[in-house]
Structure formats: C-alpha cells, structure tokens
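First up is the structure itself, then whatever we jot down about it.
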Amino acid sequence: MMAEIVTMKIGPRKILDYDEKDPDNNTIAAIGWHDGLSQKEVWSCSAGWWKLEPGRAVRCDIGIVLNPDNVVVCVAKIKGIVKREDMRMWFLGDLAGERYEPWIGKTFERNDSKNPIAYFDEHAIIPPESVTNKMTILNSR
C-alpha cells in the first residue's frame, strides 16, 4: 500500500480567545501563519485539531503545512493521530529534517478547495532531492 502525504493549509495568524489545549494539555494561544515562524512553531500550532478521515490520516507518513499562499512552511514526519471527544484529530510527529528542506519555501499546487486538508499519493509529489531552486511546483500532476 502506498503512503499518502497530507497537506494542511493554515490561515493567517489568529490569537485564540478561547481555551484550547494540545494532546499534552499545553495551552494553545494562537494558530495560523505569519512571517518569521520557525518550522517547530508552525508545527506546534497547526498539527490539530482537524476534522479528518481517520483511516486516511493514519496512512500518512508526511505532513506538509502550507501558508495562506500555498507555500510550504513546515514538513513533519507523522507518527500517529490523537482523537478528541468531538472527533477532531491531532497529528503526532516531529519535524522531517534536512532531507525535506528543499520543499520549504516552494509553492505547492493544490486545488482551491475550502477544505484545509488535502491528501496526495507520495508518487504525485516531486521528491525533495529532485527539487531545483527555480521550481515553484511540488505537485507533479
């Protein structure tokens, strides 16, 4: 079975005015994107709580976080998912590391769906080692 890659398109930075916790019960003060966030900061505020298809989400090995302009701002290796009472889910994982650095800053061609979650077959995406500086498209189809 082929692995899938999940993309998570996050909106502009928003300070939360309600109590939100991550799976470790840490408070989440803000979600979304703004210039200057590190990959670690992006991952910590964008790994959840999503409405996901659990069967599909569990097959994902890689998570790509996109900013509002569809630019890759974080790549993570997904280890699992945590389910909340309301059936929203959180991706567990760590930053994917140096191999995926060529994807950072590149535009990811995806449809204009309002759904922030989109899944792609791993073979539909150009491997990081094949990305060139001039390339602006990750999705090869």
Side-chain angles (χ1 to χ4, degrees), residues 2-141:
M2 234 166 275
E4 286 192 283
I5 292 176
V6 63
T7 60
M8 296 160 261
K9 185 173 180 176
I10 57 175
R13 191 75 167 168
K14 177 181 163 190
I15 305 301
L16 299 182
D17 58 1
Y18 54 91
D19 190 32
E20 187 73 270
K21 304 279 187 187
D22 70 13
D24 294 323
N25 209 31
N26 298 311
T27 298
I28 302 165
I31 57 172
W33 166 256
H34 73 78
D35 284 331
L37 290 177
S38 69
Q39 282 195 68
K40 186 174 183 171
E41 290 168 321
V42 170
W43 183 245
S44 70
C45 74
S46 60
W49 294 100
W50 299 103
K51 289 182 182 176
L52 303 172
E53 295 177 45
R56 221 165 167 192
V58 89
R59 288 195 303 264
C60 295
D61 293 330
I62 297 289
I64 298 174
V65 182
L66 306 173
N67 74 10
D69 298 318
N70 288 332
V71 174
V72 177
V73 292
C74 176
V75 181
K77 287 200 182 246
I78 295 172
K79 297 184 200 172
I81 53 175
V82 172
K83 180 178 71 170
R84 198 164 68 176
E85 298 82 31
D86 64 2
M87 293 302 292
R88 286 182 176 267
M89 296 176 211
W90 187 284
F91 287 104
L92 299 175
D94 298 310
L95 296 183
E98 275 185 35
R99 175 177 177 231
Y100 294 91
E101 282 298 314
W103 283 357
I104 301 297
K106 300 294 188 283
T107 300
F108 192 100
E109 287 286 316
R110 60 171 270 183
N111 63 25
D112 290 329
S113 166
K114 298 226 182 285
N115 188 345
I117 301 291
Y119 300 92
F120 295 86
D121 178 284
E122 65 184 345
H123 295 299
I125 299 175
I126 297 168
E129 53 276 2
S130 299
V131 172
T132 65
N133 285 339
K134 294 180 183 179
M135 195 172 283
T136 58
I137 298 172
L138 279 179
N139 188 351
S140 62
R141 293 183 189 183

For this session: Starting from the C-alpha separation in whole Å, work towards a yes-or-no answer on side chain to side chain contact (heavy atoms under 4.5 Å, CB included) for Ile10 and Val42.
Result: CA-CA 9 Å; Ile10 57 175; Val42 170; 4.2 Å; yes
Exercise. Could you go step by step and tell me if Leu37 and Val73 meet the side chain to side chain contact (heavy atoms under 4.5 Å, CB included) rule?
Worked result: CA-CA 9 Å; Leu37 290 177; Val73 292; over 6 Å; no
Exercise. Are Ile64 and Tyr100 close enough, and set up right, to give a side chain to side chain contact (heavy atoms under 4.5 Å, CB included), and what steps lead you there?
Worked result: CA-CA 10 Å; Ile64 298 174; Tyr100 294 91; over 6 Å; no
For this session: Go through the steps for Cys74 and Met8 under the test side chain to side chain contact (heavy atoms under 4.5 Å, CB included), then give the verdict.
Result: CA-CA 10 Å; Cys74 176; Met8 296 160 261; over 6 Å; no
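Formation of a donor-acceptor pair under 3.5 Å by the Thr107 side chain with backbone atoms of Asn70 is not found in this model. Asp22 places a side-chain N or O within 3.5 Å of a backbone atom of Asp24 that can act as its donor or acceptor partner. Checked by atom type and distance alone, the side chain of Asp121 pairs as donor or acceptor with a backbone atom of His123 at under 3.5 Å. In terms of modelled atom types and a separation under 3.5 Å, the side chain of Glu129 and the main chain of Arg99 share no donor-acceptor contact. Put simply, the side chain of Trp103 never gets that close to the backbone of Val131: no donor and acceptor are under 3.5 Å apart.
Within the model, atoms CD of Glu4 and CD1 of Ile125 stand 10.0 Å from one another, a figure rounded to the nearest 0.5 Å. In this structure, CG on Asp94 lies 10.5 Å from NZ on Lys77, to the nearest 0.5 angstrom. Between the NZ atom in Lys51 and the CD1 atom in Ile117 there is a gap of 12.0 Å [rounded to 0.5 Å]. Summarising the geometry, atom CZ belonging to Arg59 is positioned 12.0 Å from atom CD belonging to Glu122; distances are rounded to the nearest 0.5 Å. Expressed to the nearest 0.5 Å, how far NZ of Lys21 lies from CD1 of Ile28 amounts to 9.0 Å. Rounding to the nearest 0.5 Å gives a distance of 12.0 Å between CD1 of Ile104 and CD of Glu98.
Every side chain to side chain donor-acceptor pair (under 3.5 Å) that Arg84 has, sequence neighbours left out, goes to Glu20, Asp86.
Phe120 and Phe108 have perpendicular rings, their planes meeting at more than 60° on a 0 to 90° scale where under 30° would count as parallel.
Arg110 and Leu66 get closest at one heavy-atom pair: CD-CD1, 3.5 Å. Heavy atoms only, all atoms of each residue included: Met89 and Leu52 are closest at CB-CD1, 3.6 Å. Contact detail for Cys60 and Ile5: the closest heavy-atom pair is SG-C, 4.3 Å. Among all heavy-atom pairs drawn from Leu92 and Pro23, the shortest one is CD2-CG, 4.4 Å. Trp50 and Lys9 get closest at one heavy-atom pair: CH2-O, 4.0 Å. Of all non-hydrogen atoms in Pro68 and Gly11, the two that sit nearest each other are CG-C, 3.7 Å.
Side chains of Lys106 and Ile126 form no contact here, defined as non-hydrogen atoms less than 4.5 Å apart. By the 4.5 Å heavy-atom criterion applied to side chains, His34 and Glu41 are not counted as neighbours.
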